[in-house]
> 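What follows is a single structure, and I will ask about it in a moment.
Protein chains get the first letters and strands the later ones, always in sequence-line order, with residue 1 at the start of each. Remember, predicted model here, so these are calculated numbers, not experimental data.
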Amino acid sequence: MPDRLKPVILGSSAALGGDRSSGERPDADLLEGLNPPQLAAVTYRGPALLIVAGAGSGKTRVLTHRIASLLRGREAWPSQILAITFTNKAAGEMRERVQQLIGDSAQGMWISTFHSACVRILRREAQQFGFTKNFTIYDSGDSRALIKRLVKEHEADAFGLTPAGVQSRISKLKNELADADSYARQANMSDPAERVFVELFSAYQAALQRANAFDFDDLIGQTVYLFRAFPHVADVYRKRFRHILVDEYQDTNHAQYALIHELTRPVQGSSGDSFSAGGMMIFEPETAPEVEGASLTVVGDSDQSIYAFRGADIRNITEFERDYPGAQVVLLEQNYRSTQNILSAANAVIANNFDRKDKKLWTDVGAGDAIVGFTGYSQHDEAQFVADEIEALHRASMPYSQMAVFYRTNSQSRALEEIFIRAAIPYKIMGGTKFYDRAEIKDALAYAVAVANPADELAVRRILNRPRRGIGDVTETSIARYAAEQQITFRDALANASALGVGPKIQAAIAQLDAVLAEATEIMLPASGEIAPPTAVTQGLSVLLNKSGYMDALRMSRDPQDEARLENLDELIAVTREFARNNPEGTILDFLTEVALVADADDLDDESGTVSLMTMHTAKGLEYDAVFVTGVEEDLIPHRISANEPGGPQEERRLFYVALTRARKRLHLSLAMTRAQFGEVSAAMPSRFLQEIPHDLIDWRQSPGDVNSRGGMQSRALNGRRSGGSGGGFGGSGKRYGDDLVPLPRREKTGDIAKFANRIPAKVRDNGDLELGPGDRIRHDDFGEGRVDAVTGEGAKRVAHVRFDSAGAKKLLIKIAPIVKL
DNA sequence: AAGTTTAGGGTTTTT
DNA sequence: CCCTAAACTT
């Protein structure tokens, strides 16, 4: 019963775009200034296009111009475009740039991450397969908590199964689109540990379904499942999206690959029912028997694939031509970001990976400055070099915001922070422990989830005894038992406190919790059916936090950290206000979705005037005038653990390559001869990657050889003097940074310090209101005596500009510097 | 049930 | 060294 259908006119490239190229183009201005391959990438029309975009080759420009060109030429409606990026931040930037090119006609495009796009689809279609649209999204912490409980219940530890191990195996399997059944079919089921694992996998999946929840991997995997199990649903989206563009394609995993594959299938003579998929607008006047598959554009660079460890499959890009026969391939090799010296170094390093297509970045901006190398005696020595160099660049009028410091592991940031604080260099740490990972924030969100998705037992259990209500294991179990007996949800069981067979005090506590949840529900999801006002989320959340006693418990506490927790909760409330401003129609569900899918790093836009510290992974996709790659040592980069993993060292090399190619003008490579790890100091060896860089490209201020041949105890001043005055040295005393470091404010590794009030007050050296003025003499624990030139800044941020007798000029934060007035 | 001590383990990370 | 989680007290 195929073709009684109305043909669908899709304004596709085939329909309209074909011979546009003759005569004047509506998109002529979009093509100006593009180099020939970029031009080809923007204007090619066909079913599949692979853009191999080297670092800094202008791929974002190509993507945005390609989209703009499609829209401008009326080859596509905005609603027919689906662009997938790796992070929300990248998505936001892309949307903005397209908007700049073509204005408001950009409305209606889907530009988002894989996960956000899938959530949108799943919210619309959830009821098709046993979920409801108010499902919750479990982050890895949530799913770990769930798995932990299941491991305990199944006594799986007896078989050597740990929660972390089970979680990562399940995640890997889901990335391969396996489920418990399909895994069981090919697993060695005579192994009892395997049987238990399969049991856990199934139980985990069942628990998710019961809780009306998806984990991160499910968002992708279940969407693929949905499309495969319900072709008529998939067809809705296949017809809608005519142009699909995927950025960072080298970091997609199999599930994501499959999703794209499903979306780009041709629509077989579809069943004629007019599906109204959740009120989505389908452009569907009259229909053709078959609709060709969407046009697919992918952009990637296999040299920048650094996420294999979490399932990214580099074959998705290397085998693209096989999967999409007739695909056009465009190679972008001209680099618009870095100097030739930087590119030559990067090229030389990556050339050592044998399994790659040869590709050489080049630029016409010239050689530029030499790469600067430095070997410190310790990580603090290295950090001091970085700090001095940053100051020198800053004096030469490079803004702090144009500088970044990279490291392989988060723990390396501590030494840098210590020195930066003393040197009064403004910095921010990107990534690391996240705002939304904090216990108090997760508690607050669990309250909200308990309202939005009462089926989510995990959330309700989480808040059960937070704040302390005297509800422990025993009570929790009796609630669960009662719920099972009555065949009601855990949440609904709370409404019957008196039937639980627990003491009166606890009954009252449960009833109180139930009442608070009910009150907040009425605010955020009014039963009367009226639409909640924009303030509902903010109001509901503060009702939850206040009337539950959560806030009071923190206020009463004498744990100094609880003060910071209160501030964090205030910040969360502020986030809801901001959300309401941006989404007047936004419900608690929308809020929770946004919070679940938006990472901290996303909203950290380049704030003015701070140096950025981050891991090499986080650095992907960013660029800075000056880059410091630190800890260039064996066992760090390449990391020790990667040595035994297949493809590990190669991935580490790509990571290093990514780090190098972030730099526009200045690149610094530094390492330390000794590194303290886990409290023990051990000798460090220069990374093999250093050897791979042509020696004449690096100007060593202090080379590993210098340090070795002179022995570790000599002052850096002997070698460091020549470094243009910025090196400093410590007056030849041979005194090292080390145990004598002042205790520094403990700070959590979060992005924006001021914003999230994340500085947990700790006992800190505090010079308080030490009055200093020009002319005063001081003594510093490390730098010796010096004279104050000037004092700038206010309050806790007062900075003394000191000229030390032997150590040169330094800036010090008066409040915490190890100094005394003489 | 809540607070305290000890043992273990410690890449990389977006969503 | 520093954080987490389990074991152990109170």
> Have a look at B:dT11 and give me syn or anti from its glycosidic angle (syn if within 90° of zero).
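Syn, which is what one calls it when the glycosidic angle falls within 90° of 0.
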> Where does DNA chain B pair, written as one dot-bracket string 5' to 3', with Watson-Crick or G-U pairs under 3.5 Å, ( ) inside the strand, [ ] for crossing pairs and | for another strand?
||||||||||.....
> I'd like to know if A:R414 and A:E417 make a salt bridge, using a cut-off of under 4.0 Å between side-chain N and carboxylate O.
no
> Between C:dA6, B:dT15, B:dT13, spot the one nearest the side chain of A:K148, thanks.
C:dA6
> Is A:F309 stacked on the base of B:dT12, meaning ring centres closer than 5.5 Å and planes within 30 degrees of each other?
yes
> For the rings on A:F309 and A:Y307, is their centre-to-centre separation under 6.0 Å?
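So the answer is yes for these two rings.
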> Which whole-number value in Å describes the distance from A:R640 CZ to B:dT11 C1'?
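So the CZ-C1' distance, A:R640 to B:dT11, works out to 10 Å.
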> Indicate whether OP1 or OP2 belonging to B:dT14 is found under 4.0 Å from a side-chain N or O atom of A:N88.
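No, no such contact exists.
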> Hey, does A:F86 reach any base, or is it just sugar-phosphate, or nothing, if we go heavy atoms under 4.0 Å?
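Result for A:F86 = sugar-phosphate.
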> Could you tell me whether the phosphate oxygens of B:dT11, OP1 or OP2, come under 4.0 Å of any side-chain nitrogen or oxygen in A:S411?
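False: A:S411 side-chain N/O out of range (4.0 Å or more) of B:dT11 OP1/OP2.
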> For the base of B:dT12, is there a side-chain donor-acceptor partner from A:R310 under 3.5 Å away?
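Check fails, no donor-acceptor contact within cut-off.
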> Grab the CG-C1' distance between A:D217 and B:dT13 for me, whole Å please.
13 Å
> Which whole-number value in Å describes the distance from A:Y407 OH to B:dT11 P?
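In whole Å, B:dT11 P and A:Y407 OH are 15 Å from each other.
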> Considering every strand and a 4.0 Å limit on heavy-atom distances, what is the contact class for A:Y307: base, sugar-phosphate, or nothing?
sugar-phosphate
> To the nearest angstrom, how far is A:N253 atom CG from B:dT12 atom P?
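After rounding, the gap between these two atoms is 21 Å.
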> Test salt bridge (Lys or Arg N to Asp or Glu O under 4.0 Å) on A:R408 and A:E652 and set out the steps.
CA-CA 10 Å; A:R408 176 66 232 270; A:E652 295 286 307; 2.7 Å; yes
> Is there a side-chain polar atom (N or O) of A:T618 under 4.0 Å from OP1 or OP2 of B:dT13?
yes
> Checking all strands, does A:Q677 fall into the base, sugar-phosphate, or nothing category for heavy-atom contacts under 4.0 angstrom?
nothing
> Mind telling me whether A:F227 and A:Y237 have parallel, tilted or perpendicular rings, with 30° and 60° as the class edges?
tilted
> Using a strict threshold of under 4.0 Å (side-chain N to carboxylate O), is an ion pair present between A:E248 and A:K59?
yes
> Can you tell which of A:R653, A:Q250, A:R356 makes a side chain to side chain donor-acceptor pair (under 3.5 Å) with A:D303?
A:R356
> Please determine, for the side chain of A:H115, which listed nucleotide (B:dT14, B:dT15, B:dT12) has the closest atom?
B:dT15
> Find the distance A:D142:CG to B:dT15:P and express it as a whole number of Å.
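Atom CG in A:D142 sits about 16 Å away from atom P in B:dT15.
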> Expressed in angstrom and rounded to an integer, what is the separation of A:D218 atom CG from B:dT14 atom P?
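Going from CG in A:D218 over to P in B:dT14 covers 20 Å.
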> Reading nucleotides 1-6 of chain B 5' to 3', which nucleotides get B (base under 4.0 Å from a protein heavy atom), which S (sugar-phosphate only), which -?
SSS---
> Is the phosphate of B:dG10 approached by A:N410 (side-chain N or O, under 4.0 Å from OP1 or OP2)?
no
> Could you state the atom-to-atom distance from CZ of A:F406 to C1' of B:dT12 in whole Å?
15 Å
> Tell me, with the steps shown, if A:V658 and A:R662 meet side chain to side chain contact (heavy atoms under 4.5 Å, CB included).
CA-CA 7 Å; A:V658 166; A:R662 303 304 95 197; 3.9 Å; yes
> From C-beta outward on A:R414, which listed nucleotide comes closest to its side chain: B:dT14, B:dT11, C:dC3?
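Shortest atom-to-atom distance from the side chain points to C:dC3.
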> Check every strand shown and say whether A:K152 touches a base, only sugar-phosphate, or nothing at a heavy-atom separation below 4.0 Å.
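It contacts nothing in the nucleic acid.
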> So does A:K442 pair up with A:D142, basic N to acidic O under 4.0 Å?
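Looking at A:D142 together with A:K442, the answer is yes, because their closest N to O distance falls below 4.0 Å.
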> Checking contacts here: which listed nucleotide (B:dT14, B:dT11, B:dT15) is nearest the side-chain heavy atoms of A:T113?
B:dT15
> Run the ring-ring contact (aromatic ring centres under 6.0 Å, His included) test against A:Y657 and tell me which residues pass, sequence neighbours left out.
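Counting only residues at least two positions away or on another chain, A:Y657 forms no ring-ring contact (aromatic ring centres under 6.0 Å, His included).
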> Can a salt bridge be assigned to the pair A:D251 and A:K620 using a cut-off of 4.0 Å between side-chain N and carboxylate O?
yes
> A:Y436 OH to B:dT13 C1': how many Å, rounded?
18 Å
> In this structure, are over 12 heavy atoms from other groups packed under 6.0 Å from A:E578 atom CD?
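Count over threshold, so yes.
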